[in-house]
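This report concerns only the one structure given below.
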Amino acid sequence: MDSLHHPVAPASLAPTREAEATFDEFEELKAILRAGGTRLETRTVDYITSGTNSFPLLTASIGASDPQAPAVGFFGGIHGLERIGTQLILHFMRALLFRLEWDELLRLQLQKIRLVFMPIVNPGGMWAHKRSNPSGVDLMRNAPQRADSRVPFLAGGQTLSSLLPWYCGRPGTPMQTESAALLEVVREQLASRPFSLALDCHSGYGFSDSIWFPYARTRRLMAHLPEMFTLKTLLEQSHPHHVYRFEPQSNQYLLHGDLWDHAYDHAPAGHVFLPMTLELGSWLWIRKNPRQLFSRQGIFNPIMAHRTQRVLRRHADLLDFLTRAAYAVPNWLPTDDRRAQLFRLATAHWRHRPVPASGEG
């Protein structure tokens, strides 16, 4: 039986640096890691420097030590302006630690699955109140692959200048440190397992909340469409009143350099790795409070406290659902003789319907 109390090596915590910059979400993450003690395995994947400031890329994990156990990864803050995604993950982590004090079912669950957290992928951008990282690169468009059809002007990714939004980075250069760190976490802690899920929390697109999955670069359907369709069905059955539009991102628009397309395409053959992006529809918050349009933060986040609290309550069930789905994966993962039928059903359900080419992502 796997222990939930994994010792933390002294070198696994980020070293204290005099010039280390800070902000509210980062301070909260450090407080959660301290509260977690030996129950959380923490690691500094890398450091980001911008001028005299430094920013650690922190991860935490908890649960089964068996490398074959299913895993779920939660990611946020890839776009520094989209703070609500990071806040959602921190809210879930904090509640998880409180529940471990009394929730025997949670303890049993964590003996069979692994949870991985990277709540602030772009700390430099979040500190500077920028969508991009300190180098002006939109990390969500920083992977090397290009879309195979037309993308929205600028919004689909551009290589003209870091002074313009949605900059992919200079062609032919290595990926940004933050992008490489995220992919390293995925490769080592998620996709290396026979089954894993990932949820990346964003905001800024549409009047409704969406769950998007690969592909973003092509309208070709992913190989694990039957598994994703089954997961969607489980969500609808378990939470019949959920608010999400669940679909391939390509049904909305295409883009260059999507990190999750890259991570999915590089997962080991024979493994089931299902990455998803939670896209919180911030246009609804703007419609309710149009003054948010005059704040860079307000375009991507609920400004009023009661709306923030409502968002955190509204989506906690989704994160919990994914941990339960990972725990019960032998009970629902489709068998070979069922996959062909499910692929036909999923293809009919998700066939592309053109929509206006616009959006943040």
Just by distance, do the side chain of [X] and the backbone of [Y] share a donor-acceptor pair under 3.5 Å?
X      : Y      : value
Gln145 : Asp258 : yes
Glu184 : Val45  : no
Thr173 : Arg170 : yes
Arg324 : Phe321 : no
Arg83  : Met126 : yes
His266 : His262 : yes
Asn122 : Ser132 : yes
Arg114 : Asp66  : no
Gln158 : Ser161 : yes
Ser196 : Arg193 : no

Parallel, tilted or perpendicular: ring planes of [X] versus [Y], cut at 30 and 60 degrees:
X      : Y      : result
Tyr264 : His224 : perpendicular
His79  : His202 : perpendicular
Phe213 : Phe246 : tilted
Phe26  : Phe23  : tilted
Phe117 : Phe74  : parallel
Trp260 : Phe75  : perpendicular

Check your understanding: Step by step, would you call Asn133 with Gln176 a side-chain hydrogen bond (donor to acceptor under 3.5 Å, both in side chains)?
Key -> CA-CA 9 Å; Asn133 77 343; Gln176 297 292 296; 2.8 Å; yes
Which heavy-atom pair separates [X] from [Y] by the least distance, and what is that distance?
X      : Y      : answer
Leu40  : Ile32  : CD1-O, 4.0 Å
Pro119 : Met93  : CG-SD, 3.8 Å
Ala267 : Ala191 : CB-CB, 4.0 Å
Leu90  : Glu25  : CD1-O, 3.6 Å

Cation-pi, Tyr215 ring and Arg217 (6.0 angstrom, 45 degrees)
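Yes, a cation-pi geometry.
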Under 4.0 Å between a Lys/Arg side-chain N and an Asp/Glu carboxylate O for [X] and [Y]?
X      : Y      : value
Arg220 : Asp148 : no
Arg107 : Glu101 : no
Arg131 : Asp138 : yes

The test is salt bridge (charged side-chain N to carboxylate O under 4.0 Å, His left out); show your working for Arg99 and Glu104 and say whether it passes. CA-CA 9 Å; Arg99 288 172 56 199; Glu104 188 65 29; over 6 Å; no
